[in-house]
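All remarks here apply to the structure that follows.
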Amino acid sequence: MDDLLWIFISTLLVNNFVLAYFLGLCPFLGVSGQLETSFRLGLATTFVLIITALCAWILNTYVLIYAPYLRLISFIVVIASTVQFIEMSIKKLSPSLFKSLGIFLPLITTNCAILGLAIFATNRGYGLVEGLTFALGAGAGFTLAMVLMAGIREETEINDVPALIRGTAFNLIIAGILSMAFMGFAGLFSST
Amino acid sequence: MKNKDPKLLLQSAPLLHQELTTPAAMKDVWIALFPATCAALWFFGLSALLIIIASIAGAVLTEWVFTDKEKRRFALSDTSAGLTGLLLGLTLPSGLPLWMAFLGGSVSIGLGKVIWGGLGANIFNPALLGRAFLLGTFPIAMTTWGPAGGPGEFFQIHSSNLALPFMQGHYDALSTATPLGLMKFEHQGTELVSLFMGNTAGSIGETSSLFLLLGGLFLLIRRSIDWRIPVAIFSTAALFSLIMLLTSSAESTTSYPSPFFTLFSGGLLLGTFFMATDPVTSPLTPKGCWIFGIGVGFLVVLIRLYGGLPEGMLYAILLMNAATPLIDRYTQPKIFGR
Amino acid sequence: MNLTDFITAPVIMTSLGLLFGVILAVAYHYLKVDEDPRIAETEELLPGTNCGACGEPGCLPFAIKLVAGDVSPSGCTVASEDDIDGLSEFLGVDAGEQEKNIARLKCAGGKGQAFQIAEYQGFEGCRAAAVISGGGKGCSWGCLGLGDCEVACTFNVIHMNDNGLPVVDTDNCTACADCVDVCPKNLFELRPLAEKLYVQCNIPLEGECVTALCSAGCDACAKCVADAPVGLMAMVNELPVVDYTSGLFTSDKTTQKAIDRCPTNAIQWLEGNQFTELSDEEKRFKART
Amino acid sequence: MSNSFSLGRLFSIGNLFIKGGFSHGVHPPHHKEQTEDLPIQRVPFMKRYVMPLGQHIGIPAEAIVKVGDRVQRGELIAKPKGFISTALHSPVTGTISDVGMHRYVDGSFRMAIEIEADPYATQQFPHAQSSIDVGDMDVGQFIESVQMSGIVGMGGAAFPSHVKYSIPEEQEITDLLVNGAECEPYLTNDHRLMVERPEAVLLGCEILRHQLSAKRVAIGVEKNKPESISQLKKYLTDDMAIDIVPLEVKYPQGAEKMLIKSIYDKELPAGKLPRDIGIAVNNVGTIVALADYFEHGMPLIERIVTLAGPGVHEPANLIVPIGTPIRDVLDFAGGLKDETREVISGGPMMGSPIADLDAPILKGTSGILAFTEKETSRPSEYPCIRCARCLEACPYFLNPSRLALLGKARLFDDMQEKYNVMDCVECGACTYACPSNIPIVQHIRTAKDNLRNRKTSQ
Amino acid sequence: MATDTTAYEEMIKGLWRDNPVFVQVLGMCPMLAVTNSAINAVVMGVATFFVLVGSSFLVSSFKQWIPKQVRISLYIIIIATFVTVVDYSLLAMLPAIHKELGAFIPLIVANCMILGRQEAFASKHNVKYAVMDAVGMSGGFMIALFALGSVREILGVGALFGVDLFGSNFEPWVIMILPPGGFLTLGLLLLFFNWFTERRKQFLGKVAEADRAAVLGVDKNG
Amino acid sequence: MTNLKEISIQVQEPGSQRLIISMAVAGFISGIIIISIYMLTFNTIKENKARELREAVFKVLPDVSSMQKLHFVDNKLLLVKSDGMDDDMIFAGYDTKGQFIGYAIQGKGPGFQDTIHVLYGYLSSNRTITGMEILDSRETPGLGDKIFKDMAFVGEFMGLPMTKDIKAVKKGTKSQDNEIDSITGATISSKAVVRIINKAFNIWSPRLPQPGNEPALEIEETKKEANNG
Ligand SMILES: Cc1cc2nc3c(=O)[nH]c(=O)nc-3n(C[C@H](O)[C@H](O)[C@H](O)COP(=O)(O)O)c2cc1C
Ligand SMILES: Cc1cc2nc3c(=O)[nH]c(=O)nc-3n(C[C@H](O)[C@H](O)[C@H](O)COP(=O)(O)O)c2cc1C
Ligand SMILES: Cc1cc2nc3c(=O)[nH]c(=O)nc-3n(C[C@H](O)[C@H](O)[C@H](O)COP(=O)(O)O)c2cc1C
Ligand SMILES: Cc1cc2nc3c(=O)[nH]c(=O)nc-3n(C[C@H](O)[C@H](O)[C@H](O)CO)c2cc1C
Ligand code: SF4
Ligand code: SF4
Ligand code: SF4
Ligand code: SF4
Ligand code: FES
């Protein structure tokens, strides 16, 4: 139980997927312009992460013991297809949600956070429950980073940030500062 | 041309303005920091002075170099860059190589202010950003604390202060632990009187609670800072540490300090009165200020008790700074009649 | 292990491929959203600036209307001719007659022509000045010259000249109507480039009242109306109005006389840009090179 | 002063500790000493008068005279055109010299009737109908009568008063609120009116209360006008259902919603009119104009104007015929000092600058204030430091800091959608309080203007 | 012949003008994650090069047979195959570096740049162009990786490719090899890139201005 | 301008079979490629891994020349041959004569930044730790990474008696046998290492057989590779 909590806190704050592991930067830098969208993308990603953890566990326990060398390719194929399937369902069931996430829905599939989760979870030998906790922590951490970033970016949108600086460079610097602030969580619950 | 009258001006009403101006607000903070700065000099001697000068120089020079030519004089006239330098200087250890203090000052302003669009546009507290950068960059130098001396040692300068740029400082042997470090790693308290007067190890400006309180009160009375933030931080931090103290079990490996220790140790006072309340980086709305203060109070105790670092004020404020846009957005006051 | 592995790997992969091929195929079959595939393709062919110049909130809605046949490809003012041809070829419709519209300013009273009665002091912006008792310009219909239109123009083709008048780069103006919307004095109008006879004034006063306010203003002397082919022009609200629907307007300058006799040059024959951005010196430079 | 220590603000968690007042607001120095003791004076008649046809919100009146016509003082020269429109009467006896475009105070040109005053005619009001009997008028007649009197609100907005009095069937007015707050610095016209003509104020209240079938009348006066309060109280008799309510001195106490909050402790919902909660609000000037009309049959042809500010030679409270060119009024008071830089109409907090001194005094002109270099040279503008002083000043609980930033970035839609810019009444408290000298109100005005015009164009 | 030069241009484009990192801002994750030392950056660059060139080649060769609906899945299968090849090769040949790069070799699969190139270019052009484009893009990626990796290593450790540069007394900037350093360095690098392009533009403008002034001056004299 | 013909080709809806078949074919081909590269590199990789592990084990258990992996199942230590590693595995080290010497135990736990993996050697006969090696960590360079770079710290674990839990104390205040001088500036990482060792030890000490009952060395092949490793 303690371990689960630590896995969660650690991926949420200390080893935040975006700010410490550099996973999922494309949506983080691309879609974090608007709070609303960021939050939804965060939720969508969390959802996909959980699906991923499930898929990874199933593959690890039932398929990959026979062919460990297929790990990468089966992960990516299974995850990509599953997500594509979900994507189509969303498109069918809630066109508005589909629209608001726009082109980035397909990008969630190829977001490294997704594959990263599967690979990290396997490397660390997580079981099903641990894996799901990990996914939840990662998703929550991703959403947290997205939302903070979006808040900051919306705020700076109306300030007169020098034109030269505005753009990706600026977003990266904000991310760097955020990541610096998150260093404050280092060692949380592991150092007592 | 029809110029029968002295050509009349068309200016938007109101034509009346209250007397307070932004540079005057900054001046208040300088005044409020004066006692604490004097205490810093008293306890840490010339080293402290040099460090403060170096960080102010770094800050002001950076502001000078990177602002538009037309805006330069104007940008410096509000003295906020110098203030950032001073505040950064007060959060540094006395033995820090001067070049690091200078670098910290310029990172404060460069990364913390200029790129955001100058005064008022930054999300993160520049001084703390500078400190966070220094702490992450030179963790050893930034956590090597010289002991508080006294007027007797006023003219002693740490040899490490004078390290060449980009080179390591050589520490004159003794380095001590801060009250918070002692608490966290040695489970050892510090007397409240020392905390109050300030003859403990620590950042040059954070040790003397008494003088910080004086400055804080001055700002509160002058209404230069929002009273809600300090109140929220103090009460949350005290309450949270009290709860942890009361509910802690005997065999726990964490040492739970008393609420008084929590309030008067480390940078809590300095951070609360002068940094968390930085108007630019704290929420606008009254409700937002409460949330902000509660957040800082909670995080600081959380990090102190369970985090890797003995002191959490820096990160608590920076993290809440990051959340400020969100807080502001969701705590808009209820509009009259809506 | 060797041989079996050589079999397991392809088998697993093939079955995975099969499995997901089936799932996706089924999904396509059952979850397909009934969306015209041409919409996506059409959107790809559009410039994607989402500028709204076509009057739709963005390129996708425009694409939807295009496919539905509600609008013609030339409605997109940003797309190059090639793009539009491509679009029409793809959609199999006619491109529609493309008539280039541009923004024209109903005022020529810059700093040198129109008089100020008071001095506006505040932040730059025409509307900002207009709300402070009109901004101090003597003619309350004229251009304030503080450049709201310059800021608003999405395509950055408006630039304020030294005389304090906005110069619209006729070649690049997409008729997106940003300037029309933003001008607090409602001075911009979108006009076909072909309508070259143009009255550059907006003042509904006449006579000395006008000349006391602005040396470029139309003082409603009606000489132009008298000199133009009968029926082409008329005075409305103290301003001459050219009736392009009358069929009397020809691009040979039969109206030259009307223009020549205007005492204030308020009526002009416009070939390209309405005002020049260049000082005389610059003009000479241009002429040389 | 906003950095003066005020317990109320220290504990302003919502409205918990404040009763009988409104939260937020500012305390500008009121500068009334210049004119508060100066009795109201009449200005002599001038040569030329300009009566713009539209002096208020709504539809301009329609001229019924033509060039060359002779008109009597008080004679109808333009009749209302539609419901939200009022009549216009000649302020002088003379000849119509023009019906055309004339400069208006806001710098624009508007249709106006120009009258050449007849120097030989006695400029007396012909007491044709010495008084109008309101006693047996029904509501419809009363409203029509007010419309024909040309009376509009004298509190600043110049809203046609008869519109306010036409209450829909399903509503009823229980309270009449008379606004004698006069919270704008420098202005003393309402104050002098209450001091010099308290009977007229009380009489007007009674007439209107009767006509609106209201139960009670409250006259709100800021505490810094003790003389007004005592004068009104002196003439108050027991049979009048009138309360004189002294109010906290705080800007903008006189704003309709703040007044209602202070006196009845009710928060007028946004988008609602006072009549929706059973209240009718009128300025004391309006009330006196009503009294004059029904007592003496005098339509609205003149008003009291405060002439003050550091830029005028002889500050005064004047009765000015409507239509008098501002320049003439100023000349009467000794003209402008040389160092005058800006002349505004209305108070210093909300008034608007005058671009052309030839423009006329209007029905809604409560004051003409002249300011010199000292007042108009503002300290330089600094960036917003998010100090929240503007938030603590705004009586409407808006977020002026954010509005100004958005305004600067020209994000007008956001200003409306997220920050309700249209709820701003442009009181100027935020701008007064801002240490960075940001012209917040101007940003807001610009945005509102933009939003409004966009609405109409689409 | 003409096609040759254009194919060549396609390649050059990726190196600088359309640099995937500095201009298109793609593939940030591996970019930041592995650049805490120059050698890691270079190895990552080479791996990406191999994968991108290989998969571009395959995709453009087989583009006619790829059904639109499953194209993404197929691209991914192709890419993943190449990545697995790289992964195992590195594991066999350079186990130490493989350990450092950790999970980021497999994560090449998810590098948006690679998939993006398939979608945007390889699937629409013939093999030659596709390969040249891939070479250019991965070359540009490598340049960026190397730039970032060397800056971070030089400041963060005081060394380049493990060779000590400043002597033992150098105070390393630890943050440079920590996550914030990655973000900040890349941000500042991009800033510098922007600034440089801007300055170049201004400079060119000034040159033109000077030319013009010269002409005018002649005019005046004449 | 995108080629219009291409678009119209793509617009046509391919049949489901084509879709499925292309997936299957791609899967098939990629399976073959992957298995080939796997086979090609299999031995090298295996050797690399084994060598790495051996080196680590030999470092923490000096005087050992061969080792084997044991698995704790059904309350017994059994020999395993698989490459996999999990928490229930332990290494037994033997000298040149095949005589049992000690165990190499691995443990992991949270450090300052992330999980730290530790391997340490343990002599059950006299209950001492013979050495410690950090297999994996992400501790701060220059600070936390001293747990494997600072030889003084690593050296403290050689011959450390394990009669009761070890303790990390502030540098220079070591007063008892079971205490370890922490690294200055990296107290947390030092403590983490100690904690991980204690935790692993507390799990394993009841599982280990009585001294003398250790399983005998069965896999000889490791021995000769150890010599060239
Ligand atoms: C269409 C319209 C109808 C109005 N009707 C009434 C009304 O019936 N009763 C009333 O008291 N005020 C009415 N008002 C006036 C406003 O409530 C308010 O008094 C006026 O805008 C001036 O207020 P101010 O001087 O506080 O700005 C109306 C305003 C408008 C625009
Ligand atoms: C900020 C603000 C301040 C105001 N101050 C006064 C005031 O001091 N006295 C006053 O009579 N009306 C004042 N008004 C106008 C009132 O809100 C209201 O419109 C007026 O009392 C209605 O009466 P009227 O229609 O007779 O003018 C103010 C309005 C605003 C928005
Ligand atoms: C950026 C940064 C990184 C740090 N990294 C570590 C680390 O990896 N391991 C560690 O034990 N302490 C690390 N610390 C220091 C701890 O937070 C703490 O100050 C230290 O363990 C206290 O040890 P001391 O009492 O010996 O000074 C780091 C501090 C900072 C500011
Ligand atoms: C009450 C008050 C507190 C301030 N605190 C800080 C601070 O903690 N750090 C800082 O860099 N500047 C501080 N400033 C100065 C200024 O607000 C700061 O430079 C801005 O954040 C720069 O945009 C303070 C100013 C005031 C008025
Ligand atoms: S045309 Fe309109 S928007 Fe443009 S400068 Fe003139 S007044 Fe301003
Ligand atoms: S008179 Fe005509 S040209 Fe002159 S400023 Fe007015 S509108 Fe413009
Ligand atoms: S002007 Fe508007 S925003 Fe400012 S205080 Fe008044 S109501 Fe509030
Ligand atoms: S606008 Fe002015 S008063 Fe409001 S927060 Fe900004 S600086 Fe303060
Ligand atoms: S490279 Fe990581 S999400 Fe794109």
Side-chain angles (χ1 to χ4, degrees), chain B residues 2 4-26 28 71 74-75 77-78 80 117-122 220-228 278-290 324 328-329 331-338, chain D residues 1-3 5 10 13 26 28-29 185 257 267-272 336 338 340-344 346 348-355 357 371 375-376 378-380 382-388 391 395-399 401-402 419-420 423 428 431-437 439 441-442 445:
Chain B
K2 231 167 94 172
K4 33 192 182 185
D5 311 312
K7 202 177 208 176
L8 292 179
L9 271 185
L10 301 179
Q11 268 187 352
S12 170
L15 284 166
L16 303 182
H17 278 274
Q18 56 146 14
E19 277 142 29
L20 186 82
T21 60
T22 294
M26 299 295 164
D28 275 359
K71 278 205 252 162
F74 176 71
S77 72
D78 60 35
S80 68
L119 180 66
N122 48 318
L220 278 175
I221 289 169
R222 294 278 298 165
R223 303 180 50 77
S224 295
I225 56 176
D226 195 300
W227 58 276
R228 297 173 187 90
D278 174 9
V280 176
T281 55
S282 61
L284 269 169
T285 62
K287 220 193 283 167
C289 288
W290 286 113
T324 294
D328 257 346
R329 196 175 153 125
T331 56
Q332 286 305 311
K334 182 188 142 302
I335 291 170
F336 189 91
R338 277 198 188 267
Chain D
M1 296 302 303
S2 102
N3 51 350
F5 194 76
L10 186 60
I13 314 168
V26 291
K257 292 188 180 181
E267 200 164 292
L268 184 61
K272 288 268 197 266
L336 293 173
D338 285 347
T340 300
R341 293 289 285 128
E342 180 162 8
V343 181
I344 61 174
M349 300 295 283
M350 291 188 69
S352 46
I354 293 166
L357 294 180
F371 292 96
E375 291 79 25
T376 53
R378 300 186 184 182
S380 43
Y382 283 88
C384 170
I385 55 164
R386 296 165 44 91
C387 67
L391 269 88
Y396 291 84
F397 288 77
L398 297 168
N399 188 340
S401 157
R402 183 41 64 105
Y419 297 94
N420 295 71
D423 282 15
T431 312
Y432 172 80
C434 176
S436 284
N437 277 298
V441 192
Q442 199 185 351
R445 279 199 193 133

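Not measured: the values here are computed from a predicted model.
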Using a 4.5 angstrom heavy-atom cutoff, name the option from B:Ala25, B:Gly118, B:Ala121, B:Gly120 with the most pairs to chain D.
B:Gly120
Any idea which of D:Asn437, D:Leu268, D:Asn399, D:Thr376 has the most non-hydrogen atom pairs under 4.5 angstrom with chain B?
D:Thr376
When the 4.5 angstrom heavy-atom criterion is applied to B:Asp328 and chain D, the contacting part is side chain
Taking all non-hydrogen atoms of both residues, which atom of D:Ala388 and which atom of B:Leu284 are closest, and how far apart?
CB-O, 3.3 Å
How would you list, by chain and number, every residue that makes a side-chain hydrogen bond (donor to acceptor under 3.5 Å, both in side chains) with B:Ser80, sequence neighbours excluded?
B:Asp78, B:Lys113
Quick check for you: among B:Pro333, B:Ala24, B:Ala13, which has the greatest number of heavy-atom pairs under 4.5 Å with chain D?
B:Ala13
May I ask you to name which of D:Gly271, D:Ser352, D:Pro383, D:Pro185 has the most heavy-atom pairs under 4.5 Å with chain B?
D:Pro383
Chain B contacts, top residue of D:Leu398, D:Val441, D:Asp423 (heavy-atom pairs, under 4.5 Å):
D:Asp423
Ranked by heavy-atom pairs below 4.5 Å to chain B, first place among D:Cys434, D:Ser380, D:Pro348 goes to D:Pro348
Under 4.5 Å to a heavy atom of chain B? For D:Tyr396 that would be both
Would you call D:Glu267 and B:Arg338 a salt bridge, taking side-chain N to carboxylate O under 4.0 Å as the test?
no
Using non-hydrogen atoms and a 4.5 Å limit, figure out which bit of B:Gln332 sits close to chain D: side chain, backbone, both or neither.
side chain
Between CD of B:Gln18 and OG1 of D:Thr431, what distance do you get to the nearest 0.5 Å?
11.0 Å
Under 3.5 Å: donor-acceptor pair, side chain of D:Arg386, backbone of B:Ser282
yes
Distance, nearest 0.5 Å, that separates OG of D:Ser436 from CG of B:Leu20:
9.0 Å
Residue set satisfying side-chain hydrogen bond (donor to acceptor under 3.5 Å, both in side chains) with D:Glu342, at least two apart, ordered chain then number -> none
Distance-minimising heavy-atom pair for D:Phe397 and B:Ile335:
O-CG1, 3.6 Å
Does any non-hydrogen side-chain atom of B:Leu8 lie less than 4.5 Å from one of D:Pro353?
no
Option in B:Asp278, B:Ile225, B:Val280 with maximal non-hydrogen atom pairs under 4.5 Å from chain D:
B:Val280
Indicate the atoms forming the closest heavy-atom contact of B:Phe336 with D:Pro395, along with that distance.
CD1-O, 3.7 Å
If one checks every heavy atom of D:Met350 against chain B at 4.5 Å, the contacting part turns out to be backbone
Separation between CG of D:Leu391 and CG of B:Asp226, rounded to the nearest 0.5 Å
10.5 Å
d(B:Asn122 CG, D:Ile385 CD1) to nearest 0.5 Å is 11.0 Å
For each of B:Gln11, B:Lys334, B:Lys287, tally heavy-atom pairs with chain D at distances under 4.5 Å, and name the one with the top tally.
B:Gln11
For a side chain to side chain contact (heavy atoms under 4.5 Å, CB included) check, start with the C-alpha distance between B:Leu15 and D:Glu375, then their side-chain angles and the critical distance, and finish with the verdict.
CA-CA 7 Å; B:Leu15 284 166; D:Glu375 291 79 25; 5.5 Å; no
